[in-house]
Amino acid sequence: MDKHTRRDADLPPLTEHVDTDALDALFGRDTPGAPRVSGASLEFAYADLVVTVESVGRIEVRDAGR
């Protein structure tokens with residue numbers, strides 16, 4: 001697996017691409033009233049990357065061209 005070496009300063013704010021409160025509501029373990037989803041994932045574009053968030057806590061970041 002390739003590792004990304006970008007610095008945070010190289011990327012635009014995440015909140016410009018995804019509703020982080022919605023991510024917390026769907027996948028946050030400590031969010032009151034959060035749905036208890038299992039086997040779910042959400043994928044979205046971020047800059048020139050694709051981010052996949054899974055209900056088991058795994059987050060994958062890859063180049064959009066892959």
Side-chain angles (χ1 to χ4, degrees):
M1 176 180 276
D2 294 335
K3 291 186 179 183
H4 290 276
T5 58
R6 284 188 197 188
R7 296 176 309 139
D8 291 341
D10 295 337
L11 296 170
L14 183 61
T15 55
E16 290 180 6
H17 296 271
V18 67
D19 183 341
T20 55
D21 290 334
L23 282 178
D24 285 341
L26 287 172
F27 298 109
R29 298 186 193 284
D30 298 325
T31 304
R36 299 294 177 230
V37 294
S38 61
S41 67
L42 175 72
E43 185 173 281
F44 60 91
Y46 174 52
D48 60 347
L49 304 168
V50 175
V51 179
T52 304
V53 180
E54 296 180 1
S55 59
V56 294
R58 181 173 177 240
I59 299 172
E60 178 184 350
V61 180
R62 65 185 187 282
D63 291 326
R66 292 187 162 192

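The first residue in the sequence is number 1, and the count goes up from there.
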Are Leu14 and Leu42 grouped together when hydrophobic residues (ILVMFWY) are joined by side-chain heavy atoms under 4.5 angstrom apart?
yes
Mind checking whether Leu49 and Phe44 have side chains closer than 4.5 Å, heavy atoms only?
no
Do any N or O atoms from the side chain of Tyr46 and from the backbone of Pro12 form a donor-acceptor pair under 3.5 angstrom?
yes
Output all residues satisfying side chain to side chain contact (heavy atoms under 4.5 Å, CB included) with Asp19, sequence neighbours left out; order by chain, then residue number.
Asp21, Ala22
Contacts of Glu16 that satisfy side chain to side chain donor-acceptor pair (under 3.5 Å) - sequence neighbours left out
none
Stepwise, does the side chain to side chain contact (heavy atoms under 4.5 Å, CB included) test hold for Asp48 with Asp63?
CA-CA 6 Å; Asp48 60 347; Asp63 291 326; 5.6 Å; no
Those residues that, when tested against Thr52, pass side chain to side chain donor-acceptor pair (under 3.5 Å) (two or more places apart)
Glu43, Arg62
Sub-3.5 Å donor-acceptor pair from the side chain of Ser41 to the main-chain atoms of Glu54, do we have one?
no
What closest approach, in Å, do Ala47 and Leu11 show between heavy atoms, and which atom pair accounts for it?
CB-CD2, 4.0 Å
